[in-house]
Amino acid sequence: MSERRRVAAVPAYQAAHAAPRVVRGLRRLGFEAWVCDDGSTDGTATACAEAGARVLRHPRNRGKSAALRTLLHAARAEGVDAVVTLDADGQHPPEEARRLDDAEPDRRALVLGVRDLGDAGAPLANRRGNAISNGFLSLFSGLWLRDTNCGLRRYPVELALSLGVVGERFTFEAEIVLRAARAGARIVEVPVGVVYPEDRTTHFDVVRDPARIVARVVETLVTR
C-alpha cells in the first residue's frame, strides 16, 4: 500500500521573508506544500514557488478565512482527505506539523493544535485574546477547548467545507470549531510547540480580531 498523501496548506500574506523557510521545512518532512498567496505585493508567490510550493493566488487581499477556503477547495478537487494548516510566519515548526498529522489516525477528525503560549513567550495581549476566544467557544460548544485560535491544525476536507463557515479575516478558525462541535464532529486536541521568531510579522490585531471572533460566534449562534 502506498503512503498516504500529506498536504500542508499555508495561507500567506506579505510573507516573502519567512514563508519559503516554512515551505522548505515541510517538503523535507514529506509534505506537499500548498501556499495561498492572499494578494501579497512583496513577492511571496514567487519566493514560495522557488522554494518548491504549489502556489494559489488571490489578486487582492481577502483575508485568512478566504485563503483557507481556497486551499480546502483545491484539496477537495484533487481528492485529498485532510490537510494540515500552518501559518506562514514561522511560528509553527514543520516538525510539529508532521507530529500533529501523525497524532490522530482518524482522518475524519478535526485535529486542533494546542499551544502553551506562556512557555512559548507569546505577548501578553495574544494570551489574553486567546483566552477570551477559548472561553466563548467552550461556553457555547459545550466542550472545554484549550486553544481555539491556533493555526496549526488538521482539517478533514469534506467536513470543513460542509459546515458552511462564512466568517472573514481571522474568524474562520473559531467559527469552524463551533460549527463542528454543534454538528457532532469528533474534535481532537494535540499539544504542539510553537516559536515566536524575532523577525515574525503578524497581521492579527490583538484587540480588533478577538472582537471579530466573538461577534462571529454570537452571529453563528443566532443564525443557527
Side-chain angles (χ1 to χ4, degrees), residues 1-13 15 19-40 44-45 47-58 62-89 91-114 150-167 170-177 179-181 183-190 192:
M1 181 181 296
S2 61
E3 185 177 359
R4 62 179 168 79
R5 191 173 178 184
R6 294 182 188 267
V7 174
V10 184
Y13 176 61
R21 295 197 300 269
V22 174
V23 169
R24 287 190 289 269
L26 289 167
R27 295 186 70 230
R28 281 196 299 270
L29 292 172
F31 283 101
E32 298 175 41
W34 295 11
V35 173
C36 181
D37 174 25
D38 187 32
S40 301
T44 293
C48 289
E50 290 175 350
R54 172 181 176 179
V55 179
L56 310 173
R57 295 197 69 182
H58 291 167
R62 295 166 52 194
K64 187 177 185 182
S65 293
L68 287 169
R69 281 192 287 266
T70 292
L71 289 160
L72 286 165
H73 279 290
R76 181 168 67 180
E78 293 204 8
V80 177
D81 61 349
V83 298
V84 175
T85 63
L86 63 165
D87 293 347
D89 60 6
Q91 72 166 291
H92 302 139
E95 294 79 9
E96 291 295 281
R98 175 73 185 235
R99 191 172 65 80
L100 178 138
D101 193 28
D102 289 338
E104 173 52 53
D106 182 2
R107 305 287 285 178
R108 297 167 297 179
L110 172 59
V111 184
L112 308 179
V114 177
C150 182
L152 180 52
R153 297 179 167 188
R154 193 181 74 198
Y155 289 107
V157 173
E158 284 297 336
L159 173 69
L161 290 174
S162 72
L163 292 173
V165 177
V166 296
F170 288 97
T171 64
F172 183 98
E173 286 151 336
E175 183 183 347
I176 198 169
V177 172
R179 289 182 180 270
R186 185 158 178 260
I187 299 175
V188 177
E189 294 185 311
V190 175
V192 295

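Basis for what follows: all heavy atoms, side chains included, without hydrogens, waters or symmetry-related copies.
A donor-acceptor contact shorter than 3.5 Å is absent between the side chain of T44 and the backbone of Y13. Between the R28 side chain and the P94 main chain, no donor and acceptor come within less than 3.5 Å of each other. Looking only at distances, a side-chain donor or acceptor of D89 sits under 3.5 Å from a matching main-chain atom of Q91. No donor-acceptor pair under 3.5 Å is formed between the side chain of R4 and the backbone N or O of D81. A distance-only check finds no donor-acceptor pair linking the side chain of H58 to the backbone of G39 [under 3.5 Å]. Under the 3.5 Å distance criterion, the side-chain polar atoms of R69 are matched with a main-chain donor or acceptor of V165.
A salt bridge between R98 and E95 is absent, with no side-chain N of the basic residue lying under 4.0 Å from a carboxylate O of the acidic one. Ion pairing of E32 with R54 is absent here, as no side-chain N (NZ or NE/NH1/NH2) approaches a carboxylate O to less than 4.0 Å. Using a 4.0 Å cut-off between charged side-chain N and carboxylate O, R107 and D101 make a salt bridge.
Side-chain contact between R153 and V177 is present, with heavy atoms from C-beta onward closer than 4.5 Å. Proximity of W34 to V10: side-chain heavy atoms (C-beta onward) are nowhere separated by under 4.5 Å.
Judged as a salt bridge (Lys or Arg N to Asp or Glu O under 4.0 Å), and not counting sequence neighbours, the contacts of R76 are E158. Under the rule for a side chain to side chain contact (heavy atoms under 4.5 Å, CB included), the partners of A8 that lie at least two apart in sequence or sit in another chain are L26, F31, L86. For the salt bridge (Lys or Arg N to Asp or Glu O under 4.0 Å) test, no residue two or more places apart in sequence or in another chain qualifies with R27.
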**Q.** Working for side-chain contact (heavy atoms from CB on, under 4.5 Å), residues R99 and L152
**A.** CA-CA 11 Å; R99 191 172 65 80; L152 180 52; over 6 Å; no
(Q) Before you tell me yes or no, could you show the steps for T85 and L71 under side-chain contact (heavy atoms from CB on, under 4.5 Å), namely the whole-Å CA-CA distance, both residues' side-chain angles and the distance that decides it to 0.1 Å? (A) CA-CA 9 Å; T85 63; L71 289 160; over 6 Å; no
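Between R154 and D106, the shortest heavy-atom contact is NH2-O, 2.8 Å. Pairing each heavy atom of V23 with each of A51, the nearest pair is CG1-O, 3.6 Å. Contact between L159 and R108 at its shortest, heavy atoms only, is CD2-O, 4.2 Å. Contact between L112 and I187 at its shortest, heavy atoms only, is CD1-CG2, 3.7 Å. In this structure, K64 and D38 approach most closely via the heavy-atom pair N-OD2, 4.3 Å. Nearest heavy atoms, A15 versus P20: O-CD, 3.8 Å.
Atom CZ of residue R24 and atom SG of residue C48 lie 9.0 Å apart, to the nearest 0.5 angstrom. Atom SG in C36 sits 11.5 Å away from atom NE2 in H73 (nearest 0.5 Å). To the nearest 0.5 Å, atoms CG (L110) and CD1 (I176) are separated by 6.5 Å.
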